[in-house]
Each structure stands twice: as C-alpha cells, then as structure tokens.
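Below: the structure, in structure tokens.
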Amino acid sequence: MTTELTEITVIGGDKTGLIARVTTLLFERGINIEDLDQAVRDGLFRMSMRVDTSEMETDPDELREALSELGRELGVEIQVRFPSDRETRRIAVCVTKESHCLEALLEAQASGELDVEISAIISNRGTLRELAEAHDVPFYDVGDGKGSPDEDRMLDILTEHDVDLIVLARYMRILGPKIVFRYEDRIINIHPSLLPAFPGAAAYRQAKEEGVRIAGVTAHYVTTDLDQGPIITQRAFDVPDDALIDEIKARGQPLEAEALIEAVEMHLDDAVSVHRGRTSLRDEADPTDYQLGLSEAAQEANPNEPVDGGIEKRDTPTVADD
C-alpha cells in the first residue's frame, strides 16, 4: 500500500498566527492539507498535519529548508517526514522488565513478518540488556536507578536513530508531552486490558478484583491522556473462576505480543487512519489481512439471533422503552 501523504509536526511555544504562517507556506507551494490537529499541554504547543505533496510546486529539500527557516523565525521546531524517506522504516522499542513483547518483535523482524529495522531498545531499567545485545540491537538504559527515565536523553536517542515509530513493549512509565507531541500517531502501546476498562497500572489485578469473566489486551496509539489513545487492535480471553493473577497474566501475555505485532504491522502498512480519537481502516486496506479483534472461530461461535425485528411484529400498540 502506498500513499503520498507527508507528515508535518510543529512543536514549541503557543504563538498567535503560527498556524496561519505554516499553512500559508504550504498553500503557496501547491500542498493540500488533508488532516490538521493541534493541542497544548504543559505550555507546549503541538500541531500535526498530513498533507498531500504529490503535486507540490517545489522539491522535498526546498520544502524542508523553507519550513526549517520559518521554524527558526517563529522559535518552534518543525519536522517533515515524506513517505519515501526510506524503504525500510526504523523503530525504537521501549521496555522495562517484561520480555515477551520485545522477544516477539525481535522474532518478527528476524523472520521478515515485520519489514522493519529495530534500531534501538530504550529502557528505564537494565534488565533486558542481554536480550538486546544477543540480537545486536543497541540498548540504552535511561533510568536513574530507581526507574525514572531521562526523557531528554530518550529524545536524543530517538533523533540520533531517526526512528519512524516508537513501540512501548510493556514500558512501565508514562511518556511526557515533549516526546508524545513530537511523535504524534507514531507511538504504539500495548495495555493488558480491554480498554477503556481498567486503564493505568495493574490492569490484570483490576480485572481480578472486579471479577470479570472475559479480559483482554489493547494495542493503541499513545496520547498525553493515559491509556485513552485511539485503539488499533484488541484480543480477549476467558478468566477462569478464582484464577490467580499469574494465571491471568499467562493467558494475556501471548495475546499482548500478538495484538502489538498486528498493530505495528497495520501502522507500517499505512492501513489505519486516525480521526477524532478513533482509528479506522483506510479504503485501500483489505480487512481480511488483519484480525483486529476476535478470531474468526470465536466470531462464528457467537449466536446471531434473536435480534430486534427478527420476528414479524404483531399488530400491538407501540410501547416506549423503559
């Protein structure tokens, strides 16, 4: 699947007229804006755009230089990402202590299931260093010894490796706006619940304490609102009566890896779009290529009747719903 949509991100202080200056520059060069979103968090302004550069009246280098010059004038950072910048995209994987999702990503890269280069593994702990080194992937421990990460150092690493996508493979820290805003719709997290149920920490424990019969996992894009980003893929599993936390984790972890791999694949295929906080398959995407939710066998096991209107209604007075 190919696309001519180019991503432009503006980060910096909120200034009057900033949006108009950027959009005018694009208009003057024959560039059409397809999507535009903006936000301010903790005093930091972010504007992200997807623009059609297929018929622009300039070349990529000139556009980059013009936007860079405008950014310097306005005191903001402007990033431009063309879809053809590189054939094989680079990802950075953020981890803490759990290895199962990282192992799945490394295996998917090695087997060719994911056509990516895992260029960096970033952690707030040193636990998974040996796993990274065994696969010849640079490992960076940006933690302070107590698990608090140095996000400025993280940004330097992400910039150094020029990554296209950040994957949070059970990374147990909240990313701040300085990273999230710069990588809008390019950070995928795996959360161990069927969001929006049980956001935050200890989701499996929350599920057990609430006595759910069905739990699950969710791969979603990261926003500055904890575990509220657009959902990409989900998987579900039964929770046996009186199951221990470790038993619930053992059921969930393989599905975490599976849902995360599929979400990354969909992003790399440009098969999913984000609009107003929701994801949807692009028109060009084949829905049969992705599972998204329940397996086909599980869907077939669901009953399909009765449903409202399934039986011919008798001539009885209409009664309002309770």
More than 12 heavy atoms of other residues, nucleotides or ligands under 6.0 Å from [atom1] of [X]: yes or no?
{"X": "Lys97", "atom1": "NZ", "answer": "no"}
{"X": "Leu36", "atom1": "CG", "answer": "yes"}
{"X": "Glu69", "atom1": "CD", "answer": "no"}
{"X": "Lys249", "atom1": "NZ", "answer": "no"}

Is any side-chain heavy atom of [Y] closer than 4.5 Å to one of [X]?
{"X": "Arg125", "Y": "Asp141", "result": "no"}
{"X": "Ile179", "Y": "Ile166", "result": "yes"}
{"X": "Phe198", "Y": "Thr218", "result": "no"}
{"X": "Val217", "Y": "Ser193", "result": "no"}
{"X": "Val163", "Y": "Arg186", "result": "no"}
{"X": "His267", "Y": "Ile188", "result": "yes"}
{"X": "Glu7", "Y": "Met49", "result": "no"}
{"X": "Leu5", "Y": "Asp52", "result": "yes"}

Judged by atom type as modelled, is there a donor-acceptor pair below 3.5 Å linking the side chain of [X] to the main-chain atoms of [Y]?
{"X": "Glu210", "Y": "Val212", "answer": "no"}
{"X": "Asp238", "Y": "Pro240", "answer": "no"}
{"X": "Gln234", "Y": "Leu195", "answer": "yes"}
{"X": "Asp269", "Y": "Ala271", "answer": "no"}
{"X": "Lys178", "Y": "Glu151", "answer": "no"}
{"X": "Asp14", "Y": "Phe45", "answer": "no"}
{"X": "Ser148", "Y": "Asp144", "answer": "no"}
{"X": "Arg205", "Y": "Ala201", "answer": "no"}
{"X": "Glu77", "Y": "Gly71", "answer": "no"}
{"X": "Ser123", "Y": "Gly126", "answer": "no"}

Is it true that [X] and [Y] have a side-chain N and a carboxylate O under 4.0 angstrom from each other?
{"X": "Glu256", "Y": "Arg235", "value": "no"}
{"X": "Asp241", "Y": "Arg213", "value": "yes"}
{"X": "Asp270", "Y": "Arg50", "value": "yes"}
{"X": "Glu34", "Y": "Arg282", "value": "no"}
{"X": "Asp37", "Y": "Arg46", "value": "yes"}
{"X": "Arg29", "Y": "Glu57", "value": "no"}

What are the two closest heavy atoms between [X] and [Y], and how far apart are they?
{"X": "Thr24", "Y": "Ala20", "result": "OG1-O, 2.7 Å"}
{"X": "Gly75", "Y": "Lys15", "result": "O-NZ, 4.0 Å"}
{"X": "Leu255", "Y": "Ala236", "result": "CD1-O, 3.7 Å"}
{"X": "Thr53", "Y": "Ile31", "result": "CG2-CG2, 4.2 Å"}
{"X": "Leu281", "Y": "Tyr290", "result": "CD2-CD1, 4.4 Å"}

Side-chain heavy atoms under 4.5 angstrom apart, residues restricted to Ile, Leu, Val, Met, Phe, Trp, Tyr: same cluster for [X] and [Y]?
{"X": "Met47", "Y": "Val80", "value": "yes"}
{"X": "Ile19", "Y": "Leu63", "value": "yes"}
{"X": "Leu74", "Y": "Ile11", "value": "no"}
{"X": "Ile33", "Y": "Leu67", "value": "yes"}
{"X": "Ile78", "Y": "Leu44", "value": "no"}

[X] and its side-chain contact (heavy atoms from CB on, under 4.5 Å) partner, picked from [options]:
{"X": "His220", "options": "Thr279, Ile190, Leu168, Asp227", "answer": "Asp227"}
{"X": "Ile118", "options": "Val167, Ile91, Asp136", "answer": "Ile91"}
{"X": "Phe139", "options": "Ile121, Ile122, Val93", "answer": "Ile121"}

Test log, rule side-chain hydrogen bond (donor to acceptor under 3.5 Å, both in side chains), inputs Gln109 and Glu107: CA-CA 5 Å; Gln109 176 198 240; Glu107 182 178 335; over 6 Å; no
Could you work out, with salt bridge (Lys or Arg N to Asp or Glu O under 4.0 Å) as the rule, every residue matching Glu209, not counting sequence neighbours?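 Salt bridge (Lys or Arg N to Asp or Glu O under 4.0 Å) list for Glu209, sorted by chain: empty.
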The criterion is salt bridge (Lys or Arg N to Asp or Glu O under 4.0 Å); which residues satisfy it with Arg21, sequence neighbours excluded? Glu73
Using the side-chain hydrogen bond (donor to acceptor under 3.5 Å, both in side chains) rule, take Arg72 and Ser68 through it: C-alpha gap first, then chi angles, then the decisive distance, then the call. CA-CA 6 Å; Arg72 288 192 293 269; Ser68 179; 2.9 Å; yes
If we count only N and O atoms by modelled type, under 3.5 Å, do the side chains of Thr9 and Ser48 hold a donor and an acceptor together? no
Please assess Asn124 against Thr96 for the test side-chain hydrogen bond (donor to acceptor under 3.5 Å, both in side chains), listing each intermediate value before the final yes or no. CA-CA 6 Å; Asn124 61 320; Thr96 296; 2.8 Å; yes
Atom pair SG/CE of Cys94 and Met154 - distance to nearest 0.5 Å: 4.0 Å
